[in-house]
Amino acid sequence: MNPVIAKGLEAEGLRGIAEKVEASARLDDAEAAKLYAARNLHALGWLANRVRERKNGGRTYYILNRHLNYSNLCVLSCDFCSFGRKRRDADAWEYSIEEMVAKARESLALGITELHIVGGLHPSWKFDYYERMLRELKALSPALHLKAFTAIEILHLAWVGRMSVGQTLDRLRAAGLDSLPGGGAEIFSQRVRDAICRGKETAAEWLDVHRLWHRAGGRSTCTMLYGHVETIAERIEHLRLLRELQDETGGFTAFVPLPFHPANNALSEIPEPTGFENLRNLAIARLYLDNFDHVKCYWINHGLKLAQVSLSHGVDDLDGTVVEETIYHMAGARTPQAQSAEELVRAIRDAGRTPVLRDSLYREVASSASGAQGSRLPRDGRP
Ligand code: V47
C-alpha cells in the first residue's frame, strides 16, 4: 500500500476497516459511521477504489438513454421537490401519449436503448392510460427497454386501479414494463419522511414494491436523496435496509445516490452538499454495499467533472445521455440536460478508465475499442 494512504488510514483510525475491505468482509453500521467521520477523502477514495476495481476492474459503464417526465402534476407536495405542480400552475404539463411516442421515436432513431419514464402522481389519469403509454412506446421497438415508474408511482397506480401491488406490476409488465427506476426512496427514516414528505408512502411500502418485483424476476435500481435534514445515522440505516433487501432478492442492479438540490423548493435555505460530501458519500456507499455490483454517479446531479473524479472513488457507472431532464433542472442543476456519448466516453477515458456501453441490465453493447460507436446522437446529445 502507498505509504501516504497507509498513514492517512492510520491517522483516521481506519486500519481495521481497511483490513476488512482487503479481506472482502462486510462492514457494520458502526464502521460506516467511522467512515462518515473520516476527513481524509484520499484514503476513503483509495479504499472504495479497491472494491470498485475488484468488482469492475477499470470498466466504466454508460448507456444511451432518454428520460421522459410525462407530467409534473402531483397530488403530493414534498418539501424537497421543485418539480411537482398543481393544475392551477401555469407551468404544469402533461404529455399526451402521442407526444411521448413522438419524443421516443426521435431518440430511438438516434440510437437510444432505454427510456427512463417517471412523473408526478397524476391527479386524474386512469390506470389504462399508463398501460397504453407502455404499450404504445413498446410498439416502437420491442428492443426498447422501458424503465418506468418509481415505487411511489407504482403504489399510486395500484390505488388508482384498485389492485394489489402484485397485480399492478403484472399488468404493467404485460404492457411492456421492463424494470423499475430507484426514485422515491428519499430517506427511509420515518422521522425524515414526516419532516420533508409527510403523507408519502413509508420505507416498508417502497421496499415491498421492489421486493415483489424482484421476486417475480424483475430488476431495479435504488436511490438515496441525501444532504437535507437527515443525520448520518439515518443515511446508514437507509443503506442497511437496501443491503438487507439485496441480500434477500439480489434484484438491484445499482445504487444511485441523489444529492439534494435546494433551488425552488420549500427547503431552499439548506445549502446543497459540497463536492467533498458527494464524493465521500459515493465512496462509503461502495464500501458498505458489498452485495451491489454497481454504484452509479448520475452526472446530471453531481456534474460531469465531479462524476469523472468519482471514477476513482468507488463509482463505475455514469448513467447516460439523458436527452431531456426536468426534475434536477427545476431544482437548480447547472449541468446540461443532455450529454453526447462522445463526451461521456471522453470523460471516462480521460479519467484513465475503460468506457463500456451497456444496456439496462449492464450487458455490454460495445466497449472501449469502439468507444461511442453505435450512437448517432449529435455532440450535445439532443435529437
Ligand atoms: O424520485 C426530487 C429525487 C428522484 C430532488 O434509478 C431530488 O437509475 C435532489 O430517481 N434534490 C428522481 N433529489 C431521479 C431518480 C433517478 C435519477 C437517475 C437515475 C435513477 C435510476 C434514478 O430525484 C426523485 C427524488 O427522489 N429528487 N427532487 C431535489 N430537489
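In listed order, ligands and their atoms are each counted from 1. In this chain, residues are counted from 1 in sequence order.
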Looking only at protein heavy atoms, which one is nearest to [atom], and what is the separation?
atom                    : result
atom 25 (C) of ligand 1 : Glu186 OE1, 3.5 Å
atom 19 (C) of ligand 1 : His116 CE1, 3.7 Å
atom 28 (N) of ligand 1 : Phe80 CD1, 3.6 Å
atom 15 (C) of ligand 1 : Leu258 CD1, 4.0 Å
atom 24 (C) of ligand 1 : Gly184 N, 4.1 Å
atom 12 (C) of ligand 1 : Ile327 CD1, 3.8 Å

[X] N/O under 3.5 Å from ligand 1 N/O:
X      : result
His261 : yes
His67  : no
Val256 : no
Lys147 : yes
Ala331 : no
Thr221 : yes
Pro181 : no

(message) If you apply the rule side chain to side chain contact (heavy atoms under 4.5 Å, CB included), what do you find for Tyr62 with Asp319, and how did you get there?
(response) CA-CA 5 Å; Tyr62 70 103; Asp319 200 76; over 6 Å; no

(request) Identify which one of Asp316, Asp317, Thr221, Thr253 satisfies the side-chain hydrogen bond (donor to acceptor under 3.5 Å, both in side chains) criterion when paired with His294. (result) Asp316

Can you tell me if [X] has a non-hydrogen atom under 4.0 Å from ligand 1?
X      : answer
His228 : no
Pro262 : no
Tyr328 : yes

(message) Tell me whether Arg171 contacts the main-chain N or O of Gln167 through its side chain, where contact means a donor paired with an acceptor under 3.5 Å.
(response)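 No, the answer is negative, given that no donor and acceptor are paired below the 3.5 Å cut-off.
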
Salt bridge or not between [X] and [Y]? Use side-chain N to carboxylate O under 4.0 Å.
X      : Y      : value
Arg353 : Glu53  : yes
Arg346 : Glu343 : yes
Glu342 : Arg349 : no

(request) Kindly determine whether Met330 and Asn264 satisfy side chain to side chain contact (heavy atoms under 4.5 Å, CB included), including the steps that lead there. (result) CA-CA 7 Å; Met330 291 174 80; Asn264 310 315; 5.6 Å; no

(request) Determine, step by step, whether His67 and Glu324 satisfy the side chain to side chain contact (heavy atoms under 4.5 Å, CB included) criterion, reporting the C-alpha distance in whole Å, the side-chain angles of both residues, the deciding distance to 0.1 Å, and the verdict. (result) CA-CA 6 Å; His67 283 221; Glu324 184 178 314; 5.9 Å; no

(message) Just checking Tyr70 against Trp93, ring centres under 6.0 Å apart?
(response)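 Between Trp93 and Tyr70, which both carry aromatic rings, the centre distance is not below 6.0 Å.
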
(message) Within the 4.0 Å heavy-atom shell around Gly183, which atoms of ligand 1 are there?
(response)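 Once the distances to Gly183 are compared, the set is 1 (O), 10 (O).
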
(request) Between Tyr298 and ligand 1, find which residue part has any heavy-atom pair under 4.0 Å and reply side chain, backbone, both or neither. (result)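 Under 4.0 Å from ligand 1, Tyr298 contributes side-chain atoms alone.
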
(request) Quick one: look at Asn265 and ligand 1, take heavy-atom pairs under 4.0 Å, and tell me if it's side chain, backbone, both or neither. (result)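 Answer for Asn265: side chain.
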
(request) Starting from the C-alpha separation in whole Å, work towards a yes-or-no answer on side chain to side chain contact (heavy atoms under 4.5 Å, CB included) for Tyr328 and Thr335. (result) CA-CA 9 Å; Tyr328 282 93; Thr335 45; over 6 Å; no

(message) Before you tell me yes or no, could you show the steps for Trp206 and His210 under ring-ring contact (aromatic ring centres under 6.0 Å, His included), namely the whole-Å CA-CA distance, both residues' side-chain angles and the distance that decides it to 0.1 Å?
(response) CA-CA 7 Å; Trp206 188 99; His210 286 263; 3.9 Å; yes

(message) Set out, in order, the CA-CA distance, both residues' side-chain angles and the distance that settles ring-ring contact (aromatic ring centres under 6.0 Å, His included) for Tyr226 and His238, then state yes or no.
(response) CA-CA 10 Å; Tyr226 68 93; His238 186 101; 9.9 Å; no

